[in-house]
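In what follows, every chain begins at residue 1, and chains take the letters A, B, ... in the order their sequences are listed.
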2 protein chains.
Amino acid sequence: MRIVVLAGGIGGARFLRGLKRAAPDADITVIGNTGDDIHLFGLKVCPDLDTVMYTLGGGIDEERGWGRTDESFRLKEELAAYGVGPEWFGLGDRDFATHIVRTQMLAAGYPLSAVTEALCDRWQPGVRLIPMSDDRVETHVAVTLPAGDPAAGPTAGSGTGAGAGETPSGSATGSGVRKVIHFQEYWVRLRASVAAEAVVPVGAEQAKPAPGVLEAIAAADVILFPPSNPVVSIGTILAVPGIREAIAEAGVPVVGLSPIVGNAPVRGMADKVLAAVGVESTAWAVAEHYGSGLLDGWLVDTVDTSGVERIEEAGIRCRAVPLMMTDVDATARMAREALALAEEVRTV
Amino acid sequence: MRIVVLAGGIGGARFLRGLKRAAPDADITVIGNTGDDIHLFGLKVCPDLDTVMYTLGGGIDEERGWGRTDESFRLKEELAAYGVGPEWFGLGDRDFATHIVRTQMLAAGYPLSAVTEALCDRWQPGVRLIPMSDDRVETHVAVTLPAGDPAAGPTAGSGTGAGAGETPSGSATGSGVRKVIHFQEYWVRLRASVAAEAVVPVGAEQAKPAPGVLEAIAAADVILFPPSNPVVSIGTILAVPGIREAIAEAGVPVVGLSPIVGNAPVRGMADKVLAAVGVESTAWAVAEHYGSGLLDGWLVDTVDTSGVERIEEAGIRCRAVPLMMTDVDATARMAREALALAEEVRTV
């Protein structure tokens, strides 16, 4: 069985670990989100790709969910001693090696998909991991920063005479400074503590799917959306022209798992970015957001049974099953439910 | 008093520590060798500049003489796990930060001299450290590698039909493969275990002295050559057009300290590269190699008293004093002797 999975970071990676256990003989292709990629210290960092690679390859820090196990942060401390930041992004000494190898290969002319394949040669994740695109896509978030925020810059009327003129991407308002910031700055530095007014996958419109992406979708028997962030993970992948269309036209079951359980994200702060695209943080609202044109089946948690009927009315087959990825066994059960739902909608 | 010092790595750095103690109020400008710079993992590494900076800034590993104190090598181990080398060059986790900051600043358009100044903002070495040039100069060494050496490549007649044709920089001989390799590969990987047939500071002829170098020489009261390598450290600095001439024309005492004691290098393998330029490994031969057109005074060790007369006959004032840098006090005494000799030749 050929399974294609669209994946973000931690949620996608953990789901994939369960899927591998649930379907050990399946041929799994993962289309990874690269919208959260960021250039730090002159290096190309691909947090979601690495989280998938490390998690499936046995190198992840299980507790944090990102970065390498048995990690240290001495290089980063030294960079800070030079006054070079950002300090809010956690790059460990072991993790740095991945970014150095990636950056060197990109500089040598290899596309990100080839680089990812080379990195996976070491990690042997047991899936084929392809970035959604070899082209640069970076998710940016429009926010209003409180005037005291270090990134807010000088505000109008602060007496320097500078004001908004010195913050070309922002404009001062009564209550703060409107700015467009990198998703990682929103997610990691600010921990989504302010409202996301807009989420824009910069470059997505011009991006092409990486080699193998459309082919894998066309050849798939099942397509799965793990409980990844519907906006900044799966939404970004779907924003690459051609991918959404290929999934809709693949003619195979497309089944998703709700990242929202009991009206709150299972992990992370998905509600903040859902609000930016006008979607309620409920299991049914996310299903409707994907829509019946894309989704054939949707799994909600057993606490969300009340939404099942509404989702089915929207033309999406829905089942309520436990959706907490508490361990690999529980996650494998979720994956089996998703595959079972896929067979159910296939035979309709 | 304004002192200009031409410095390589460990020997130069340790001498400078003694000089600072001997002349605490002096205004010291160090012209650093960059011929041993190397690009590793996409990063610009300047071993000699860093050794000076770390040694004078209190960050050096005292035992090794290079790299950072309290160092770990986890990033390098990870690079090796990716199959990315070289493994023979020791870059530590803390040290990496320096190369990352440097590479980022160079990529942003700053010249190496400005980058070095910025790095020294942190280390406060107590001297002004200027690279000899902002232009790329890399010392290469012609060697004959034994056929079994991993860098020797396929040899003629090995049955692959490839032979020397696949090693454009080398040619097969009966006993090995002639190749031109980076100085660091010669020094660190091979530990100068084969003869250096030629030493070439590639790029030196086209290089310009970095901003401040000629100005510092012209304004100097004394110019010192520490017991650094006369070929690949001081020799490389002197190979940058304009520097040798500026020193010769400065009209101030130029005093050197022999790196050869008892016909052997005090440290390192200077004899190997001296042989490549046809200079014997003796204190007097090195003095004659610099020549009276450049040197006014020369300190030899007390075990080399027999050479003093010969050096003085060559027109260079010579004194025999203890030249082992066993600790900072001993080194400070050497520096005082050098400054005393400078005053002696100044009043001639």
Any donor-acceptor N/O pair, A:Arg189 side chain to A:Trp88 backbone, under 3.5 Å: no
Tell me which of these, A:Thr103, A:Asp121, A:Leu119, has more heavy-atom pairs under 4.5 Å with chain B than the rest. A:Leu119
Which of B:Glu78, B:Glu77, B:Lys76 touches chain A most, by non-hydrogen pairs under 4.5 Å: B:Glu78
Please determine which of B:Val137, B:Val213, B:Leu49 meets the side-chain contact (heavy atoms from CB on, under 4.5 Å) test together with B:Met132. B:Val137
Max heavy-atom pairs within cutoff under 4.5 Å with chain B, candidates A:Val84, A:Asp70, A:Asp95, A:Val101, goes to A:Asp70
Greater than 12 external heavy atoms within 6.0 Å of B:Tyr110's OH: no
Between A:Ser233 and A:Asp48, what is the shortest heavy-atom contact and its length? OG-OD2, 4.0 Å
Counting only heavy atoms closer than 4.5 Å, note whether B:Ala81 contacts chain A via side chain, backbone, both or neither. both
With a 3.5 Å distance limit and no angle check, can you tell me whether A:Gln184 reaches the backbone of A:Ile38 through a side-chain donor-acceptor pair? no
Max heavy-atom pairs within cutoff under 4.5 Å with chain B, candidates A:Leu75, A:Thr98, A:Ile100, goes to A:Leu75
Chain A shares the most heavy-atom pairs under 4.5 Å, among B:Phe41, B:Phe96, B:Trp123, with B:Phe41
Does a side-chain heavy-atom distance below 4.5 Å link A:Asp135 with A:Lys208? yes
Under 4.5 Å, counting heavy-atom pairs only, tell me which of B:Ala118, B:Ala108, B:Ser72 racks up the most with chain A. B:Ser72
